[in-house]
Amino acid sequence: MILEATNSPFTEKQAALINELTASLSTEQKQWISGYFAAGAAAAVQPPQSGSVAAEAAEPAATRTVTILTASQTGNGEALAAEWEKTLVEQGQQVQVLDMDTIKPKQWKSLEDVLIVASTHGEGEPPDNALSVHKLLHSRRAPDLSHVRFSVLALGDTSYEFFCQTGKEFDAVFEKLGAQRIAERIDCDVDYEEPAEAWFTTVQRALTVPKPQNADVTGGEEEAAASVVYSKKHPFEAEILERIQLNGRGSAKETYHLELSLEGSGLTYQPGDSLGIYPQNDPLLVDQLIQAAGWDADAAVPSQSGAEKPLRDVLVHELEMTKLSKPLLEKLYQIHPQDNLQALLDEGRWKDYIEGRDLLDVVEDFGPWKASGPETAAVLRSMPPRLYSIASSLETHPDEVHLTIGAVRYEAHGRSRRGVCSIQCAERSGPGETLRVFVQQNPKFKLPDDPDTPVIMIGAGTGIAPYRSFIEEREEQEAAGPTWLFFGEQHFTTDFLYQTEWQAWLQERKLTRMDVAFSRDQKEKIYVQHRLQERSRDVYHWLETGAVLYICGDEKHMAQDVHRTLRGIIEREGGVTAEEAEEKLEELRREKRLQRDVY
């Protein structure tokens, strides 16, 4: 019995009915409902007097709106925000999720509880969709945020020097502008799921989420557990159906077209999305490391499953050992104090040292290695997935996903180096074998909703991958919108990736125009930005008539060169200043008419 008719404003018959309806609930739920009905009914039979303090106290407190602001380059932030929005709404909160690009100046005054999910791009830079807000908050035009409560989840990668820098800067500037922090910032490495979940749990408590106002709170849990949902946390074992080398004989490049089966996975994707692959370390490299350090390959170490496994197995399948960072060197020094290693850190020489080196180098350069295998494994981070732009349309290839992967091989510091994932795909895993995969959505790199919208696609090397998916998709849509591809590589005869497909699409008018730049086929190197300059007037006309422009490729060189070229085209053809041309590019980006997928 949760209600006693003699001690409440309910009749005995009403109390009995309520008790019958709540018989299956837990004790905690019964206690809460009892208090809820008792307080609510008492207020109902004794209406407060107008204008009295009692009247004000009886009115329910206004629910504060929770705003989740996302600053993300790859879509991780959006995925987390969508999950948390659903949870908070189910718990009775008013929630809005905003891409930082979309927040209007006047909205700052109406913000209440703000949750910021911010990734860091490149060397400490905000992602593209956070540039404007970051600039505003650090300017003299920054709004007063003393009415705001906030917390920051920072996403980053410890292999970069400025780890989670954007999240740290948003955290600091919100405090500086008067906002009240409701939960401490958490900085996440690439395996961010658990710390992000812990942060959200803390935030939920701080938000004082109202309890559900209906009795059926146990419904969907069993259904959710009934079927496996493949994701970054639970990758799918995708069978390799085909592996084709795209480069011709004599090429200096080694690029592979990979076809994987998604049959039975339930995974779906859109053009512009990426496929994440959890790779394995080269067993030969692992054996060299174990031998150099003098470890026991069968020593028991904790694995991701919670059970203990042999050291060698965990090093091959679960831990990152080919990428060094300052935080890792500092941890290694703690378990292996060595003067030269300390000097490397103190004198700032670590940045040059980590280029092109891996854990085996550290063990050899600062040996003999004193730390045991289990001690060393404990300071290594989990193997992060590698993301590859999807090169296929699901409409064209049901239950399949295609990738374009460049094999990474080079010599450095007296030893041959091999890309962890690219060489696994190129050599160690062939047709019939499997890769652990998941789909990474990329809302920042999408075809326009209107298939008749013109698109300009600029890519170099493996940056051509998403454009193959774009054309396949528009072919399925029977899109009438014109398409223009700029593609660059080294040699026409050996490096024209997917050449026959592009030529067929040109003949069929699925591809309207194509300009190619093969840098090594003539004395002076020619790149895609040179082709853009040659077609300056037409490029400007396409932009002025509503075209969406895409850039995919190397961020440090190709993407920056293309950006400068586009600015020059707008400046020259539009008759504006360099500053006005830059503002025009920023406007295009905000309108999602300039989209980048850079790496």
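In this text the structure is predicted, and so the values were computed from the model without any measurement.
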Student: If only side-chain N and O atoms count, and only distance matters, is there a donor-acceptor pair under 3.5 Å linking Asp99 with Thr70?
Tutor: no

Student: Can you say whether the rings of Phe170 and His134 are parallel (under 30°), tilted (30 to 60°) or perpendicular (over 60°)?
Tutor: perpendicular

Student: Are any of the side-chain nitrogens in Asp128 or Arg589 under 4.0 Å away from the carboxylate oxygens of its partner?
Tutor: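 Salt bridge flag = no for Arg589 with Asp128.
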
Student: Go through the structure and list residues passing ring-ring contact (aromatic ring centres under 6.0 Å, His included) with Trp484, not counting sequence neighbours.
Tutor: Phe486, Trp542

Student: Might you confirm whether atom CG of Asp449 has over 12 heavy atoms from other residues, nucleotides or ligands at distances under 6.0 Å?
Tutor: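 Not buried by this count: 12 neighbours or fewer within 6.0 Å.
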
Student: Would you please say whether a donor-acceptor pair under 3.5 Å links the side chains of Tyr256 and Asn247?
Tutor: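 Asn247 and Tyr256 do not have a side-chain donor-acceptor pair below 3.5 Å.
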
Student: Please determine whether a side-chain nitrogen of the Lys or Arg among Arg418 and Asp282 lies less than 4.0 Å from a carboxylate oxygen of the Asp or Glu.
Tutor: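 Answer for the salt bridge query: yes.
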
Student: Between the side chains of Thr396 and Glu476, does any donor sit under 3.5 Å from an acceptor?
Tutor: yes

Student: Is atom NE2 of His413 surrounded by more than 12 heavy atoms (other residues, nucleotides or ligands) closer than 6.0 Å?
Tutor: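 Yes.
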
Student: Tell me whether Glu161 is salt-bridged to Lys326, with the criterion being a basic N under 4.0 Å from an acidic carboxylate O.
Tutor: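 No.
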
Student: Within 45 degrees of the axis of the six-membered ring of Tyr467 and under 6.0 Å from its centre: does Lys510 put its NZ or CZ there?
Tutor: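 Output no; distance or angle outside limits.
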
Student: Please report the C-alpha distance between Glu320 and Lys323 in whole Å, then the side-chain angles of each, then the deciding distance to 0.1 Å, and finally whether the salt bridge (Lys or Arg N to Asp or Glu O under 4.0 Å) criterion is met.
Tutor: CA-CA 7 Å; Glu320 173 79 278; Lys323 196 161 190 177; over 6 Å; no

Student: Please report the closest heavy-atom contact between Pro283 and Val316, naming both atoms and the distance.
Tutor: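 Minimum heavy-atom contact is CA-CG2, 4.3 Å.
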
Student: Compare all side-chain heavy atoms of Ile570 with those of Val576 and state whether any distance is below 4.5 angstrom.
Tutor: yes

Student: Looking at Arg417 and Asp361, is there a salt bridge between them, counting it only when a charged N and a carboxylate O are closer than 4.0 Å?
Tutor: yes

Student: Quick check: do Val286 and Met321 have side-chain heavy atoms less than 4.5 Å from each other?
Tutor: yes

Student: Give the intermediate values and the outcome of ring-ring contact (aromatic ring centres under 6.0 Å, His included) for residues Phe438 and Phe236.
Tutor: CA-CA 6 Å; Phe438 63 94; Phe236 175 69; over 10 Å; no

Student: Is the shortest side-chain N to carboxylate O distance from Asp101 to Lys592 below 4.0 Å?
Tutor: no

Student: May I ask you to test the Leu549-Leu588 pair for a side-chain heavy-atom distance under 4.5 Å?
Tutor: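 No, side chains not in contact.
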
Student: Mind checking the CZ-SG spacing from Phe470 to Cys552? Nearest 0.5 Å is all I need.
Tutor: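 One gets 8.5 Å once the value is rounded to the nearest 0.5 Å.
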
Student: How many angstroms lie between CG in Leu394 and CG in Asp273, if you round to the nearest 0.5 Å?
Tutor: 10.5 Å

Student: In Å, rounded to the nearest 0.5 Å, how long is the span from NE2 of His121 to CG of Asn129?
Tutor: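 Reported value, rounded in 0.5 Å steps: 10.5 Å.
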
Student: Is there a donor in the side chain of Gln503 and an acceptor in the side chain of Gln507, or the other way round, less than 3.5 Å apart?
Tutor: no

Student: Can you tell if the side chain of Leu241 reaches within under 4.5 Å of the side chain of Leu258, non-hydrogen atoms only?
Tutor: no

Student: If you take the centroid of each ring, where Trp contributes its six-membered ring, are Tyr388 and Tyr599 closer together than 6.0 Å?
Tutor: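 Ring centres of Tyr388 and Tyr599 not closer than 6.0 Å.
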
Student: Side chains of His402 and Glu400: any donor to acceptor distance under 3.5 Å?
Tutor: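 Result is yes, a qualifying pair exists.
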
Student: With no hydrogens and no angle check, just 3.5 Å: does a side-chain donor-acceptor pair link Ser416 and Glu411?
Tutor: yes

Student: Taking atom types as modelled and ignoring hydrogens, do the side chains of Glu259 and His397 form a donor-acceptor contact shorter than 3.5 angstrom?
Tutor: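 Checked: Glu259/His397 side chains show no N/O donor-acceptor pair below 3.5 Å.
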
Student: Please round to the nearest 0.5 Å and tell me the distance separating atom CH2 of Trp350 and atom CG of Leu341.
Tutor: 13.0 Å

Student: Using side-chain heavy atoms (C-beta onward) and a distance below 4.5 Å, is His530 in contact with Gln533?
Tutor: yes

Student: Indicate the atoms forming the closest heavy-atom contact of Ser119 with Ser72, along with that distance.
Tutor: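 Shortest heavy-atom separation between Ser119 and Ser72 comes out as OG-CA, 3.3 Å.
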
Student: Please determine if Asp358 and Arg415 form a salt bridge, counting it only when a charged side-chain N lies under 4.0 Å from a carboxylate O.
Tutor: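 Result for this pair is yes, salt bridge flagged.
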
Student: Any ion pair linking Arg564 and Glu571 (charged N to carboxylate O, less than 4.0 Å)?
Tutor: no

Student: Assess the residue pair Ile456 and Val548 against the criterion (side chain to side chain contact (heavy atoms under 4.5 Å, CB included)); give the C-alpha distance rounded to whole Å, side-chain angles, the decisive distance to 0.1 Å, and a yes or no.
Tutor: CA-CA 6 Å; Ile456 301 174; Val548 179; over 6 Å; no

Student: Using salt bridge (Lys or Arg N to Asp or Glu O under 4.0 Å) as the criterion, point out the one residue from Glu573, Glu582, Glu580 that pairs with Arg567.
Tutor: Glu582

Student: Determine whether more than 12 heavy atoms belonging to other residues, nucleotides or ligands lie under 6.0 Å from atom CD of Gln165.
Tutor: yes

Student: Nearest 0.5 angstrom please: Ile390 CD1 to Ser469 OG, how far?
Tutor: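 Answer rounded to 0.5 Å: 7.5 Å.
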
Student: Hey, what do you get for OG (Ser325) to NZ (Lys351), rounding to the nearest 0.5 Å?
Tutor: 13.0 Å

Student: Ring of Tyr498, cation from Arg468 - is the NZ or CZ under 6.0 Å from the centre and inside 45° of the axis?
Tutor: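 Output yes; distance and angle both within limits.
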
Student: If only side-chain N and O atoms count, and only distance matters, is there a donor-acceptor pair under 3.5 Å linking Ser132 with Glu586?
Tutor: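 Present: a donor and an acceptor within the cut-off.
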
Student: Thinking salt bridges, do Glu587 and Arg590 make one under a 4.0 Å N-O criterion?
Tutor: no

Student: For the pair Tyr527 and Phe518, evaluate ring-ring contact (aromatic ring centres under 6.0 Å, His included) and give the outcome as yes or no after the intermediate values.
Tutor: CA-CA 7 Å; Tyr527 300 107; Phe518 295 102; over 10 Å; no

